[in-house]
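Order of the sequence lines fixes the chain letters, A, B, ..., with proteins taken first and strands second; residue numbering starts at 1 for each chain.
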Protein chains: 2
Amino acid sequence: MDASAVRQALGSNKVIVMSACCTVSYSGRAESFLGEGDRIIIIKSDKTLLIHQPCGGVPINYMRDNTSIKVAEDGQRLVLDCRNEKECMTIIISRLHFFHSQEMQDSQKLQLVGSEKDMSVMIYNNPSLIEAGFTPLSMEEHTRFGFIDVFGYDRNNVLVVVECKRYAADHKAVEQLRRYAEKVKQTKGVSSVRGVIAAPRISPSAAELLAQFGYEFRSISPPRYMEKYDSSQRRLDL
Amino acid sequence: MDASAVRQALGSNKVIVMSACCTVSYSGRAESFLGEGDRIIIIKSDKTLLIHQPCGGVPINYMRDNTSIKVAEDGQRLVLDCRNEKECMTIIISRLHFFHSQEMQDSQKLQLVGSEKDMSVMIYNNPSLIEAGFTPLSMEEHTRFGFIDVFGYDRNNVLVVVECKRYAADHKAVEQLRRYAEKVKQTKGVSSVRGVIAAPRISPSAAELLAQFGYEFRSISPPRYMEKYDSSQRRLDL
DNA sequence: GGGGAGAGATGCCGC
DNA sequence: GCGGCATTTCTCCCC
């Protein structure tokens with residue numbers, strides 16, 4: 001098994017893809033060992049290392065970017081010694097099924113719609129989604145009151161804190177809302193602040209907690225492609 | 001560009017690795033578009049699909065396992081149509097740099113030491129880490145009191161709830177401890193329950209919250225390889 | 001650099 | 001199936 005091809009590719013900024021039968025030992029934030037089996041090994045331009053088994057969505061082992069990788073031959077085996085400041089990993093390859101390295105050009109970033117922030121924008125622009133007479137003051141996540149999604153007054157000039165969740169709201173969302181509402185009460189020096197969870201749905205236990213605190217729930221789903229871009233005729237792929 | 005090789009590999013349980021210049025459109029839990037660039041595309045035996053850019057640790061796009069993937073030719077382009085119950089993705093390949101498919105055998109599972117559960121076991125077996133006279137009753141995470149890491153009595157027969165964190169404990173850990181302690185008070189019908197955070201360290205704001213609730217902090221780190229396995233001479237790689 | 005919070009989070013376990 | 005929670009979470013943003 002020839003280490004020189006691997007070593008040469010590591011010296012460039014090429015992306016390396018290997019398939020190999022190997023074992024993996026890791027020591028760092030935790031410690032782990034993975035017995036011998038076939039895996040895909042990827043080493044990226046930024047020296048991120050990923051090890052994937054034939055099934056499953058997440059890498060079974062990995063090293064973060066800026067990892068120093070050295071190659072050595074141990075008889076028939078190839079040994080990858082991988083280190084960064086706080087972690088180290090040893091990959092022992094008993095058989096290299098295939099090896100590929102190449103330059104890759106990619107300057108694109110993902111354009112994404114449907115996040116929690118998009119929900120905030122939608123509610124800010126359509127305050128009646130919360131209720132008639134709701135007047136948003138801000139939708140900045142980082143105000144002096146904290147990371148509040150939407151913040152405003154109701155028709156009776158009572159402060160309203162809205163916490164958006166793109167998925168089903170759970171007890172943690174309710175606790176988050178409570179922290180914000182309490183902070184607003186302190187900062188503004190008012191005795192009463194309304195709290196509203198805006199999410200597609202809320203779990204039963206979270207609804208119970210919400211009722212205990214006297215807060216409210218509005219069933220609102222995150223915006224989708226068509227809803228957001230129809231009016232301006234824009235499209236994500238244009 | 002030949003779609004038949006891709007189609008044939010998709011019909012097997014082989015793992016596919018490609019390098020290609022492509023665009024990616026996704027619609028499902030959110031919606032996204034990624035402009036043209038070079039990426040590594042992996043399709044696993046379980047029909048998990050991963051798309052990796054030349055830098056970064058997480059896939060820029062992906063589909064979960066059991067995704068149905070169809071290949072079509074559109075002039076010089078190759079189009080991958082990927083669908084599951086709730087999501088769909090279209091990958092348009094303008095240039096296929098390389099293509100590889102192979103059978104992969106891997107039955108190994110990761111052996112890992114240093115998790116939160118390992119901390120629970122360590123404390124259960126060495127209760128003096130909390131304090132002299134501490135007597136653990138259980139270390140099951142899923143009791144009728146909730147997912148309590150370690151649960152026991154102190155030297156004065158007062159109930160103690162211990163919440164372990166392998167990293168610095170934050171305010172969420174304190175709130176979690178509070179939920180458990182309150183639940184135990186209710187269930188056991190006692191007026192006083194002690195709460196202890198066991199973690200390497202605690203953030204200042206979390207320490208403040210901890211003090212408000214009258215709970216305590218113990219600086220304890222998750223077990224490492226040697227500490228756990230020294231006594232029995234066992235090793236992770238044996 | 002630390003704290004706080006979202007994520008197309010993922011994955012695991014228990015009910 | 002849902003709920004609760006850990007993760008070598010990762011990532012981003014702000015102080």
Side chain of B:Tyr62 only, please: which of D:dG4, C:dA7, C:dG8 is the nearest?
C:dG8
For the student: nearest non-hydrogen atoms of A:Tyr26 and A:Gly28, plus distance
OH-CA, 3.5 Å
Base, sugar-phosphate alone, or nothing: which one does A:Tyr26 contact when heavy atoms must sit under 4.0 Å apart?
base
Just checking A:Ile60: base, sugar-phosphate only, or nothing, at a heavy-atom cut-off of under 4.0 Å?
base
Are there more than 12 heavy atoms of other residues, nucleotides or ligands under 6.0 Å from atom NZ of A:Lys117?
no
Quickly work out the B:Tyr167 OH to C:dA5 C1' distance and round it to whole Å.
13 Å
Closest to the B:Lys165 side chain, choosing from C:dG11, D:dA6, D:dT11:
D:dA6
Nucleotide nearest B:Arg201 (side chain, heavy atoms from C-beta), chosen from C:dG3, D:dG4, C:dT10:
C:dG3
Rounded off to whole Å, could you give me the CE-to-C1' distance for the A:Met139 and C:dG6 pair?
17 Å
Rounded to whole Å, the NZ-P distance (A:Lys172 to D:dC2) equals 17 Å
Between C:dA7 atom P and B:Arg29 atom CZ, what is the distance in whole Å?
12 Å
Is A:Phe147 stacked against the base of C:dA5, taking the criterion as centroid distance under 5.5 angstrom and interplanar angle under 30°?
no
With respect to the phosphate group of D:dT8, does any side-chain polar atom (N or O) of B:Ser115 fall under 4.0 Å of OP1 or OP2?
no
DNA chain C: B:Ser203 or A:Leu110, which has the more 5' nearest nucleotide?
B:Ser203
How close do A:Thr48 and B:Gly56 get, counting heavy atoms only, and between which atoms?
CG2-O, 3.9 Å
Taking every non-hydrogen atom, the tightest pair across B:Tyr215 and B:Gly195
CB-O, 3.3 Å
Contact class for B:Met119 vs. all strands (heavy atom < 4.0 Å): base, sugar-phosphate, or nothing?
nothing
With DNA chain D as reference, determine whether A:Ile202 or B:Gly114 sits nearer its 5' end, using the nearest nucleotide of each.
A:Ile202
Any side-chain to backbone donor/acceptor pair from B:Asp149 onto B:Glu163? Under 3.5 Å, distance only.
no
Taking only the side-chain heavy atoms of A:Gln176 (C-beta and beyond), determine which of C:dG8, C:dA5, D:dG4 contains the nearest atom.
C:dA5
Nearest to side-chain heavy atoms of A:Leu112, which nucleotide of C:dA7, C:dG8, D:dT7
C:dG8
Rounded distance (Å) that lies between atom P of C:dG6 and atom CG of A:Asp118
14 Å
Protein-nucleotide distance (B:Leu49, atom CG; C:dG8, atom C1'), rounded to Å:
14 Å
If I take atom NZ in residue B:Lys117 and atom C1' in nucleotide C:dC13, what distance separates them, rounded to the nearest angstrom?
10 Å
Is a side-chain donor or acceptor of A:Asp118 paired with a backbone partner of A:Ser115 at a separation under 3.5 angstrom?
yes
Gap between atoms CD and P, on A:Glu175 and D:dG3 respectively (whole Å)
16 Å
In terms of heavy-atom contacts, does NZ of A:Lys183 have more than 12 from other residues, nucleotides or ligands at under 6.0 Å?
no
State whether A:Glu175 and A:Arg178 are salt-bridged, where the test is any N-O pair (Lys NZ or Arg NE/NH1/NH2 against Asp/Glu carboxylate O) under 4.0 Å.
no
Under-3.5 Å donor-acceptor pair between B:Glu31 side chain and C:dG8 base:
no
Ranking C:dG8, D:dT8, C:dG4 by distance to the side chain of A:Asn61, first place goes to D:dT8
Distance between P atoms of C:dG4 and D:dT8 (Å, rounded)
22 Å
Toward the 5' end of DNA chain C, which comes first, A:Tyr180 or B:Ala30, by nearest nucleotide?
A:Tyr180
Map A:Arg64 and A:Pro204 onto DNA chain D by nearest heavy atom, then report which one ends up closer to the 5' terminus.
A:Pro204
Using the C1' atom as the point on both nucleotides, what is the distance between C:dT10 and C:dG6, in whole Å?
14 Å
Looking at C:dG8, D:dG4, C:dG6, which one has an atom nearest to any side-chain atom of A:Glu163?
C:dG6
Quick one: look up who C:dG8 pairs with, Watson-Crick or G-U, both distances under 3.5 Å, and put none if it's unpaired.
none
Among C:dA9, C:dG3, D:dT11, which nucleotide sits nearest the side chain of B:Val58?
D:dT11
Contact class for A:Gly57 (heavy atom, under 4.0 Å): base, sugar-phosphate, or nothing?
sugar-phosphate
So, OP1 or OP2 of C:dG8: does either fall under 4.0 Å of a side-chain N or O from A:Arg224?
no
Can you tell which of D:dG3, D:dT8, C:dA9 lies closest to the side chain of B:Arg166?
D:dT8
Nearest of C:dA7, C:dA5, D:dT8 to any side-chain atom of A:Glu87?
D:dT8
May I ask you to verify if any side-chain N or O of A:Arg179 is less than 4.0 angstrom from the OP1 or OP2 atom of C:dG3?
no
